[in-house]
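The next block holds one structure in the form of structure tokens; read it before the comments.
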Amino acid sequence: MSLLTKTDFILYRECPNNVWVKRHKPDEYAKFEVSEFEQSLAVMGNEVEELARGMFPTGYLVERRSEGARELTKKLIDERTPVIFQAVFATEKYFAAADVLQWNELAQKYDIYEIKMSSTEEDDEDEEEGKPKRVNKKRELQYEYDLAFQTNVIEGCGIQLNKKYLVRLNRQYVRIGELNFTPGQLFIVEDKTEAIGRLSPTAAIEMSQAQTYLSATKMPAAPCPCYYKGRSSHCTAFSYINPHVPTYSVHDLNRIGNSKRYLKELLDEGILEIGDVPIDDRLKSKPPKAGAKPSKPRKLNQILVHKSQEPLVNLESLKAELDSLTFPLYFLDYETYPTAIPPYSGYHPYQQIVFQYSLHVLKNKDSEPAHFECLILDGEPSERIAKSLCEHIGDTGTVISWYKTFENSRNKELADFLPSHKDFFLNVVSRTYDLMDIVENQHYVHPGFQGRSSIKKVLPVLAPHLSYKVLGVQSGTDAIEAYRKIIKGEIKEDAIKEKESEMLEYCKLDTYAMYVLWRFFSNVIKET
């Protein structure tokens with residue numbers, strides 16, 4: 001019987017069927033590709049853990065995969081080694097490795113520390129200003145189950161623990177010079193002892209249930225719990241577990257994750273195909289709350305255009321959107337790197353490093369766009385990015401982005417980081433128009449969008465002659481990974497130029513794509 005690990009237990013709580021496939025059908029599970037970016041997140045997590053050990057400078061590291069790791073851990077504990085990293089424990093059913101154990105002389109027991117690469121606040125950096133940061137309750141509970149699992153395994157080995165701590169990055173920390181490992185600076189240490197005390201008995205029951213479930217030789221019956229969730233929340237092996245679900249189904253209805261009851265009703269009625277969804281009162285928009293804007297009939301429109309296979313165009317509102325733009329038009333896109341550990345003074349954890357931009361400038365409706373770009377692959381790039389932008393973006397005209405929340409968040413950060421350019425970036429913020437609004441706000445709806453508004457979804461439908469698939473760097477995550485590999489020295493010097501060229505071509509297509517889509521929407525009005 002395979003030992004249940006903490007990782008599989010946490011995954012089990014999300015979707016038991018998924019973990020069963022992972023354990024019993026590893027070849028099938030391996031077919032679901034893990035991107036380089038997802039792999040890099042795991043690397044980043046290890047880097048954060050190693051860095052957090054700076055708070056415990058005298059620790060002894062147990063090599064997790066080395067032979068005799070459990071015996072070595074027992075020896076170190078018997079000797080009351082002050083600090084142990086990656087201590088390994090196993091019972092007949094479970095396996096756990098603790099990030100940090102620290103001997104508490106007063107309590108005569110070990111304290112346990114679990115290190116996470118997340119920050120102390122909700123990870124959505126682009127929330128509206130003035131609103132309090134949200135607490136991700138689901139993530140908090142997951143972390144507590146994480147610690148409860150380890151506590152149960154360790155105490156099941158006869159070792160009583162004292163305090164249980166969670167260590168996370170402090171997003172409010174701003175680096176000044178060298179990193180500060182004093183608790184409360186780069187890292188926040190939270191006492192979770194009481195929460196784990198309450199949760200451990202429940203976790204123990206679930207651990208036993210998980211081990212029994214995952215030990216079964218017969219594949220559990222479908223559907224899995226993810227069946228009643230939107231597409232973005234599906235487990236890794238969803239298509240293997242639920243082969244009857246179409247690749248484009250009711251799970252892909254716009255914002256269906258926020259309409260769980262409606263999704264469940266459709267599925268329980270046996271409706272999977274978008275074309276089979278009835279047009280009824282459930283698709284009516286709810287009355288807006290006081291002071292709020294009426295919601296758009298996104299699901300209804302998505303279903304209607306799928307049934308008709310014809311686009312739905314609101315000419316009046318589309319024209320109003322386009323008429324609001326002022327020449328010259330500046331189509332702007334940034335590429336950024338969201339590193340967990342601030343690499344430069346003035347940065348905080350997970351601050352986006354703007355290392356590249358592409359800009360297409362259109363002087364008037366009859367001209368051809370001029371292109372400008374900048375890519376910085378050495379040192380702190382913000383000043384050089386700012387100077388280059390100042391040369392090419394004038395004081396008047398509309399700046400156009402796709403999902404402007406992201407670009408404007410970067411502009412505001414650059415305004416704060418570079419006081420000499422503050423007025424410039426805040427001016428850009430005030431002039432930025434979100435071209436995605438034309439799709440998102442239902443001025444133009446096409447069946448090929450399948451309810452989504454990403455430029456990667458819209459461009460192939462409206463401008464199929466342009467494709468990211470022919471590029472060496474095909475997505476923002478590819479660009480992030482390319483940047484990370486270059487600055488970490490993981491790409492050989494003779495290959496850097498080629499990768500740099502690929503990064504430039506990718507970002508250039510982003511802004512040219514915006515120009516082409518603007519031209520498409522303009523022609524819709526002109527031809528009508």
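Residues that satisfy the side-chain hydrogen bond (donor to acceptor under 3.5 Å, both in side chains) test with T193, not counting sequence neighbours, are D191.
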Could you walk me through whether V473 and E505 pass side chain to side chain contact (heavy atoms under 4.5 Å, CB included), step by step?
-> CA-CA 8 Å; V473 170; E505 283 301 309; over 6 Å; no
Dump the intermediate steps for salt bridge (charged side-chain N to carboxylate O under 4.0 Å, His left out) on D99 and R53, then the final yes or no.
-> CA-CA 9 Å; D99 289 340; R53 293 173 190 165; over 6 Å; no
After noting the C-alpha distance and the side-chain angles of Y113 and Q102, does the key distance pass the side chain to side chain donor-acceptor pair (under 3.5 Å) rule?
-> CA-CA 8 Å; Y113 295 79; Q102 184 177 46; 3.0 Å; yes
Given side chain to side chain contact (heavy atoms under 4.5 Å, CB included), test E373 with C507 step by step and report yes or no.
-> CA-CA 9 Å; E373 62 190 359; C507 199; over 6 Å; no
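Note: Y29 and Y240 fail the aromatic proximity criterion, with ring centroids not under 6.0 Å apart.
There is a side-chain donor-acceptor pair under 3.5 Å between R80 and Q108. S409 and E407 form no side-chain donor-acceptor contact under 3.5 Å, judged by distance and modelled atom types alone. No hydrogens or angles considered: nothing links the side chains of E413 and Q351 as a donor-acceptor pair under 3.5 Å. Checking R484 against T339 by side-chain atom types alone, no donor-acceptor pair falls below 3.5 Å. Between the side chains of T5 and T7, no donor-acceptor pair of N or O atoms lies under 3.5 Å. For the residue pair Y334 and Q356, no side-chain donor N or O sits within less than 3.5 Å of a side-chain acceptor on the partner. Side-chain contact of Q450 with K457: a donor-acceptor pair under 3.5 Å is present, judged by distance alone. Residues Y403 and D333 bring no donor and acceptor atom of their side chains to less than 3.5 Å of each other.
Salt-bridge annotation for D510 and K456: present, with a side-chain N of the basic residue lying under 4.0 Å from a carboxylate O of the acidic one. K138 has a carboxylate O that lies under 4.0 Å from a charged side-chain N of E14, or vice versa, which qualifies the two as a salt bridge. Ion pairing of R175 with E380 is absent here, as no side-chain N (NZ or NE/NH1/NH2) approaches a carboxylate O to less than 4.0 Å. Taking the charged nitrogens against the carboxylate oxygens, K499 and E502 do have a contact shorter than 4.0 Å, which makes a salt bridge. A salt bridge is absent between D27 and K31; no separation between the charged side-chain nitrogens and carboxylate oxygens falls under 4.0 Å. The existence of a salt bridge linking K163 and E194 is excluded, since no basic side-chain nitrogen approaches an acidic carboxylate oxygen closer than 4.0 Å.
Listed for the N18 side chain is a donor-acceptor partner under 3.5 Å among the backbone atoms of A237.
Counting only residues at least two apart or on different chains, the ring-ring contact (aromatic ring centres under 6.0 Å, His included) pairs with a member in residues 470-509 are Y337-Y483, F355-Y483, Y468-Y506.
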